[in-house]
Amino acid sequence: MSVTIQFCGAARTVTGSCTLFQTKSGGILVDCGLFQGPKTLKALNYGAFPFHASDIHTVLLTHAHIDHSGLLPKLVRDGFRGTIVATRGTIDLCSYMLPDAGSIQESEVVTLNRRNTARGRSAVTPIYTQADAIASLDAFRPVEYETWVDVMPDVRARYWNAGHLLGSASIEIEFAGEGAAGQPLRLLASGDIGPDAKLLQPDPEAPTGFDYLISESTYGNMDRPTTTTEGRRQRLAAEVRNAALAKGALLIPAFAVERTQELIVDLIYLMERSEVPTAPVFLDSPLAIRATDVFRKHASSLDPNVDINRLLSSPHLRFTETVDESRSIAKLTGFHIIIAASGMCDAGRIRHHLKRWLWNKGCTVLLVGFQAHGTLGRFLEDGAEAVRIQGDEIKVAARIRRIDEYSGHADGPELSRWIAARRPVRRGVFLIHGEELALTGLFERIAERIIPTAQIFRPIMDDIFELSTPTPTPIDVTRRRRLTPEAVVAFDWHNDMSKLILAINERIEAAADDRARGVIVRKLQRALEEEH
Ligand SMILES: [Zn+2]
């Protein structure tokens, strides 16, 4: 008798969520997400899974975000023949998001191959195509919240609203006879947990009493001031008014799904009450336009106090569907608002708007979501003076602002309250889906006060533990690791490299004259030669 857990992703990182439960009858995956951010992590998307896709019996999907669902088309293409169990909201969102991700993979490879050819390197094929993504949609089966489903013999699962995104769930799993004294082994995978009092979503729900809890930690080190609907709107209003005074574009990089719809609802609400200047709001994302339709369809399951249908149909809203339409808004001057994906600026149309505007001090970039290490959004958040976009160096003169009120994630106190409310937890809590500071922050919040320190684990990618034993037993995986533990945790060298190049350019430009520039270049040359 044995059940093991294998952390195939999002362990000491915040993307690529993927956890494998292996039983004698087959494997169950919770999520199969895309790695985003540092190049070392993104390279894993192209490599082999740390398991055979055909050995996976079922996928239990927590929600539609690409860092949780984005490798499902690859899983199906690699031989997975089971079902992907998800709520109806998740299925509707995935039916747009996965094909969109497929076309992003295809176009990224076109750019990459152009560069590879120029450098004499061989061409790469996309992780998966739009056609692969469409084919994978056949594997989805709907599940209702709070209703047991049989996953395979002796394993059942139940979905609970996680309040993070339309359709999002925490998943309770029971393995018959694998717990203490022949009892079922009970565990709960949090998925991503929403904050309390989130616009459009209920507070997260889940039962109590588990052997194991697997909890996300994204904002584990954050303590946000509590906010109200009115407080959140006023924060946004202040940012919009200041952006209007600066007389340039207000660029809002946003996840196409939910964050975008929340922002539109609030922006239109504020404009209708003349609390901010009226201006066109461009929704420059075909995916966000589709997602907005899904929100209209599911409006009855969302917040009854918000007239979603009316606000999402405002004449101030302009949908730009085609690439030509998107290009034409790049010609605009003066105050206007552009909402475009991706939320972390590492792909999508937001990048050409940033390229067009970042150097302009009239522009405002408003960050409204989590920015992972190694993404363009994180560089901007950290105050970079210049950034590289599609190979070009762009000076950052725009006002970079951020507000946390639209976060889809619980903060440290909310996560620890959520963990506390699941007790008793008999065997262990695994903290995953967080960067180092966030994991440490959440660990310190719950250690002893909520969970005995010895029962809290912070696994690293590719770690495996036996769960049928009274405490989780680590299994030796030294030879099976895709990345060394240092490489998972360490800041990516590619990022350091881009920073170095920018720093060199800046020093050279700032030098008094050509002689001084020559001195800098010779010094750098000497440093390189000493390294040999
Ligand atoms: Zn999420």
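First listed ligand is number 1; within each ligand, the first listed atom is number 1. Each residue takes its place number in the sequence, starting with 1. Values reported hereafter were calculated over all heavy atoms of this structure, with side chains retained and with hydrogens, waters and symmetry mates removed.
Note on Arg224 versus Asp404: no salt bridge recorded, every NZ/NE/NH1/NH2 to OD/OE distance being 4.0 Å or above. No salt bridge links Arg318 with Asp284; every basic N to acidic carboxylate O contact stays at or beyond 4.0 Å.
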Scan the side chains in residues 91-104 for donor-acceptor partners under 3.5 Å anywhere in the protein, sequence neighbours excluded, and list what turns up.
{"residue": "Asp92", "atom": "OD2", "partner": "Lys297", "partner atom": "NZ", "Å": "2.7"}
{"residue": "Asp92", "atom": "OD2", "partner": "His298", "partner atom": "NE2", "Å": "2.7"}
{"residue": "Ser95", "atom": "OG", "partner": "Asp92", "partner atom": "O", "Å": "2.7"}
{"residue": "Ser103", "atom": "OG", "partner": "Asp100", "partner atom": "O", "Å": "3.0"}

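In summary, the aromatic rings of Tyr212 and Phe210 are positioned with their centroids too far apart to meet the 6.0 Å limit.
Among residues two or more places apart in sequence or in another chain, the salt bridge (charged side-chain N to carboxylate O under 4.0 Å, His left out) test is passed with Asp67 by none. For Arg482, the salt bridge (charged side-chain N to carboxylate O under 4.0 Å, His left out) partners two or more places apart in sequence, or in a different chain, are Asp462.
Protein N/O/S atoms closer than 2.8 Å to the Zn ion (ligand 1), listed by chain and residue number, are His63 NE2, His65 ND1, His164 NE2, Asp192 OD2.
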